[in-house]
Chemist: 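Mind having a look at this structure? Questions to follow.
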Amino acid sequence: MDEKKKSNEEFKPYIPADKITPEFTATSVIMGILLAVIFGAANAYLGLRVGMTVSASIPAAVISMGVIRVIMRKDSVLESNIVQTVGSAGESLAAGAIFTMPVLFLWAKEGVTDKPNLITISLIALCGGVLGVLFMVPLRNALIVKEHGILPYPEGTACAEVLLAGEEGGSSAKSVFFGMGLAALCKFIVDGIKIVPGVVTIPIKALKTEFSTEVYPALLGVGYICGAKISSYMFAGGILGWFVLIPAIVTFGGDTVLYPGADTIQNMYASGGAGAIWSSYLRYIGAGMVAAGGIISLIKSLPLIISTFANAVKGIKGGSGNSAKRTEQDMDMRLVIGGVILIAILIWVLPQIPVSLLGAILIVIFGFFFGAVSSRMVGLVGSSNNPVSGMAIATLLFTTLCLKATGDVGAHGMVGAISIGSIICIIAAMAGDTSQDLKTGFILGSTPKKQQIGELIGALVSAFTIGGVLILLDSAWGFGTKDLAAPQATLMKMIVEGVMNGNLPWSLVFIGIFIAFVIEILGIPVLPVAIGLYLPLELSSTIMIGGIIRFFADKKNKESDAGAGVLFCSGMIAGEGLVGILLAILAVVNVADKMDFSATMNTGTIGGIILLILMMVAVIKVAYSKNKKIVSDKNE
């Protein structure tokens with residue numbers, strides 16, 4: 001181990017410390033801001049629909065290379081790195097915000113509290129985003145530098161190799177933009193002019209259920225990026241819910257009126273089909289599974305969490321903020337500590353953030369703790385496996401109990417708990433993204449201080465972007481609806497209300513918890529199965545199709561991580577998300593209805609199947625024909 005650490009200390013970045021090249025420029029910052037807005041908005045839309053987001057670092061890096069190297073004819077890898085650093089901040093802040101903040105909108109519709117405004121949402125998001133970056137500054141030396149070669153940081157290392165593979169920039173960027181264009185067209189056909197249905201459903205009356213799949217490009221993209229294994233876990237959860245639990249509930253329920261349903265189960269099925277049973281019962285079973293999965297992941301990580309926190313605290317003393325070497329210069333630690341104290345005071349005193357002094361103290365303690373944990377977790381297993389929602393669940397449970405014990409109950413206590421949970425969830429997501437970006441910069445030879453400033457800029461821009469996006473999407477479709485299920489947010493709402501009011505259908509929740517235990521005993525990851533059960537079947541079935549395509553593409557091309565197929569699918573996700581935002585704007589200004597041709601030109605189920613097949617063919621063609629590797633085998 002000593003020899004390994006010695007070699008780590010002698011690591012030579014691609015750009016030497018004594019070489020000065022363009023890095024933090026107007027071009028890189030402006031491009032990064034644009035990508036932060038684009039990927040932040042697209043990931044917010046995706047996450048609110050299916051409960052998961054995708055990393056924006058590699059697509060942002062590819063786009064920046066395509067512009068800086070090919071269009072602008074500049075050879076500056078560090079500029080491209082600043083672009084992806086600023087750009088990826090939008091995706092990570094959106095991921096943290098959408099897991100919790102839609103709860104405030106749901107409560108407003110129920111009359112529990114007032115509807116949140118842009119200032120409230122943006123300030124909560126900004127506080128979480130800034131704290132997530134600041135907490136990573138003292139941790140950089142301990143986790144990124146001293147443990148280089150020990151913590152792989154897969155996305156950060158992959159992104160560095162993408163940037164180093166400069167000759168791939170032009171053709172790879174085309175894959176991203178091609179995916180964006182195709183997805184935008186398909187989304188407009190389905191949800192814009194509405195001549196093709198968004199869901200293809202086949203009733204299966206013998207089993208008292210139905211099989212359905214959605215006709216959306218982003219879901220295919222998610223399945224392809226996640227791969228066959230994760231997609232199959234989600235699909236297994238859907239099968240368990242829709243072909244085991246729903247038929248059992250309908251068969252045995254009969255004329256029973258079971259809370260939270262208000263009618264007999266037989267009548268509910270007759271009038272609303274399997275979807276009505278899912279909405280009234282299956283969501284609570286899925287909520288129990290998701291909560292149990294998140295807590296199980298935290299318990300399994302306890303030894304790692306404890307050691308990470310201890311090492312991080314020790315590593316702060318070894319910080320290199322005042323080093324003369326360019327590649328070791330962090331933000332001034334006095335500025336970092338002052339910034340943390342200032343943000344904590346603002347959280348306490350600003351009327352737009354309904355958090356007490358106790359809440360502000362909990363945010364700093366839990367935030368630094370989970371920031372360190374998040375960074376370590378993504379360093380080992382990557383951002384996709386980072387249990388941010390599990391951390392948020394643990395925080396909400398503890399915070400709600402603390403607030404209830406101090407007499408802060410009712411609407412004020414619930415809003416306070418969600419606000420605290422939102423900030424901590426964003427801190428964890430931002431800390432994970434920042435550490436991946438700093439790893440990329442460490443390999444390339446970037447100046448850490450400039451990257452950290454870039455992350456803060458990305459957080460600032462993204463905070464106000466996410467506020468506008470949430471308000472827009474809620475105005476257009478509403479959270480908790482079929483169009484925007486907001487699965488994690490509805491789960492967080494159930495948890496806070498359950499602790500405060502004791503009104504959860506606990507029998508259903510515990511069924512989900514014990515199913516999670518069974519799945520864990522079998523050695524299967526609980527969370528993806530739980531998400532598949534918690535979401536409608538049509539989502540996981542389309543994701544499964546994307547996973548199957550990836551499985552066969554990998555067998556043919558031996559692809560390791562990010563090839564043309566992954567970049568194309570990343571573009572599809574971004575394209576659908578952007579058109580989704582555009583359609584939301586049109587819906588708010590009452591223009592969307594004028595484009596609706598569903599009454600005269602609807603192609604029905606056949607049209608949906610044909611469009612889905614065409615999208616599958618497009619993904620297969622790109623994945624098979626131009627699936628060049630841009631990440632080396634050492635990252636497998």
Chemist: As an exercise, state the distance from CD1 of Ile545 to OG of Ser540, rounded to the nearest 0.5 Å.
Modeler: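 These two atoms lie 10.5 Å from each other.
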
Chemist: For the residue pair Ile347 and Leu131, establish whether any side-chain heavy-atom pair is separated by less than 4.5 Å.
Modeler: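 Side-chain contact under 4.5 Å: yes.
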
Chemist: Taking all non-hydrogen atoms of both residues into account, name the closest pair between Phe442 and Pro13 and its distance.
Modeler: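 Heavy atoms of Phe442 and Pro13 come nearest at O-CB, 3.6 Å.
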
Chemist: Which atoms form the tightest heavy-atom contact between Pro22 and Thr25, and what is the distance?
Modeler: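 Looking at all heavy atoms of both residues, the closest pair is CB-CG2, 4.1 Å.
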
Chemist: Donor-acceptor check, side chain of Arg550 to backbone of Gly221, threshold 3.5 angstrom: yes or no?
Modeler: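 Checked: no pair found.
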
Chemist: With respect to Gln452, which candidate in Thr85, Asp437, Asp330 satisfies the side-chain hydrogen bond (donor to acceptor under 3.5 Å, both in side chains) definition?
Modeler: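 It is Asp330; the other options fail the test.
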
Chemist: I need the Asp474 CG to Ile121 CD1 distance, nearest 0.5 Å.
Modeler: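 Output value for this atom pair is 8.5 Å.
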
Chemist: When rounded to the nearest 0.5 angstrom, what is the spacing between OG in Ser231 and CD1 in Ile543?
Modeler: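 Separation between the atoms: 6.5 Å.
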
Chemist: Nearest 0.5 Å please: distance from the CD atom of Gln451 over to the CD atom of Gln84.
Modeler: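 Here the rounded value is 7.0 Å.
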
Chemist: side-chain contact (heavy atoms from CB on, under 4.5 Å) with Ile15: which of Val77, Ile20, Ile443?
Modeler: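 By the side-chain contact (heavy atoms from CB on, under 4.5 Å) criterion, Ile15 pairs with just one of Val77, Ile20, Ile443: Val77.
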
Chemist: Is there side-chain contact between Met430 and Met136, with heavy atoms separated by less than 4.5 Å?
Modeler: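 Of all side-chain heavy-atom pairs linking Met136 with Met430, none is under 4.5 Å.
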
Chemist: Show the numbers, then the answer: is there a side-chain contact (heavy atoms from CB on, under 4.5 Å) between Val461 and Val37?
Modeler: CA-CA 7 Å; Val461 173; Val37 172; 3.7 Å; yes

Chemist: About how many Å separate OH of Tyr45 and CG of Leu484, when rounded to the nearest 0.5 Å?
Modeler: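 Reported value, rounded in 0.5 Å steps: 6.5 Å.
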
Chemist: Hey, what do you get for OG (Ser446) to CZ (Arg326), rounding to the nearest 0.5 Å?
Modeler: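 Taking OG in Ser446 and CZ in Arg326, the distance rounds to 7.0 Å.
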
Chemist: Would you name the heavy atoms of Gly96 and Cys425 that are closest together and state the gap between them?
Modeler: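 Smallest interatomic distance, heavy atoms only, reads O-SG, 3.6 Å.
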
Chemist: If only atom types and distance count, is the side chain of Ser422 paired as donor or acceptor with the main-chain N or O of Ile418 below 3.5 Å?
Modeler: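 Such a contact is found between Ser422 side chain and Ile418 backbone.
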
Chemist: Is the shortest heavy-atom distance from the side chain of Phe479 to the side chain of Leu470 under 4.5 Å?
Modeler: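 Contact flag for Phe479/Leu470 side chains = yes.
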
Chemist: Should Glu214 and Thr542 be marked as a side-chain hydrogen bond (donor to acceptor under 3.5 Å, both in side chains) after you check the CA-CA gap, both sets of side-chain angles, and the distance that decides it?
Modeler: CA-CA 6 Å; Glu214 287 201 359; Thr542 310; over 6 Å; no

Chemist: Does any part of the side chain of Met331, heavy atoms only, come nearer than 4.5 Å to the side chain of Leu456, both counted from C-beta?
Modeler: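 Answer yes - side chains close enough.
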
Chemist: Restricting to non-hydrogen atoms, name the atom on Gln352 and the atom on Thr120 that form the minimum distance, rounded to 0.1 Å.
Modeler: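 Scanning both residues, the minimum pair turns out to be O-CG2, 3.1 Å.
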
Chemist: From the options Ile457, Val336, Thr434, select the one residue that forms a side-chain contact (heavy atoms from CB on, under 4.5 Å) with Val133.
Modeler: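 Answer to the side-chain contact (heavy atoms from CB on, under 4.5 Å) test with Val133 among Ile457, Val336, Thr434: Thr434.
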
Chemist: Quick one: are Leu78 and Ile82 in side-chain contact, heavy atoms under 4.5 Å?
Modeler: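 No - every pair of side-chain heavy atoms lies 4.5 Å or more apart.
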
Chemist: Would you say that Val619 contacts Cys569 through its side chain, given a criterion of any heavy-atom pair below 4.5 Å between the two side chains?
Modeler: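 Yes, their side chains come closer than 4.5 Å.
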
Chemist: Met101 and Ile466: side-chain contact (heavy atoms from CB on, under 4.5 Å), yes or no, with the steps?
Modeler: CA-CA 10 Å; Met101 295 183 71; Ile466 197 65; 5.7 Å; no

Chemist: Are any non-hydrogen side-chain atoms of Ile144 and Tyr153 less than 4.5 angstrom apart?
Modeler: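 In contact.
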
Chemist: List the residues meeting side chain to side chain donor-acceptor pair (under 3.5 Å) with Ser462, not counting sequence neighbours, and say none if there are none.
Modeler: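 By the side chain to side chain donor-acceptor pair (under 3.5 Å) rule, Ser462 matches no residue at all.
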
Chemist: Indicate the ring-plane relationship of Phe368 and Phe135, choosing parallel, tilted or perpendicular according to the 30° and 60° boundaries.
Modeler: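 If you compare the ring of Phe368 with that of Phe135, the planes turn out perpendicular.
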
Chemist: Tell me the closest heavy-atom pair linking Ile426 and Gly128, and the distance in Å.
Modeler: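 Reported closest heavy-atom pair: CG2-C, 3.6 Å.
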
Chemist: Got Ile337 and Ile341 here, is their nearest side-chain heavy-atom distance under 4.5 Å?
Modeler: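 SC-SC contact between Ile337 and Ile341 confirmed.
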
Chemist: Using only atom types and a distance under 3.5 Å, with no angle test, would you say the side chain of Tyr216 pairs donor to acceptor with the backbone of Leu539?
Modeler: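 No: the side chain of Tyr216 does not pair with the backbone of Leu539.
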
Chemist: Give the minimum heavy-atom separation between Asp433 and Ser88, together with the two atoms involved.
Modeler: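 Where Asp433 meets Ser88 most closely, the heavy atoms are OD1-OG, 3.1 Å.
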
Chemist: Any sub-3.5 Å donor-acceptor pair from Glu576's side-chain atoms to Ala218's backbone N or O?
Modeler: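 Pair found, side chain donor or acceptor close to backbone of Ala218.
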
Chemist: Keeping the roles fixed (side chain from Ser28, backbone from Glu23), state whether a donor-acceptor pair exists under 3.5 Å.
Modeler: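 Flag set: sc Ser28 to bb Glu23 pair under 3.5 Å.
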
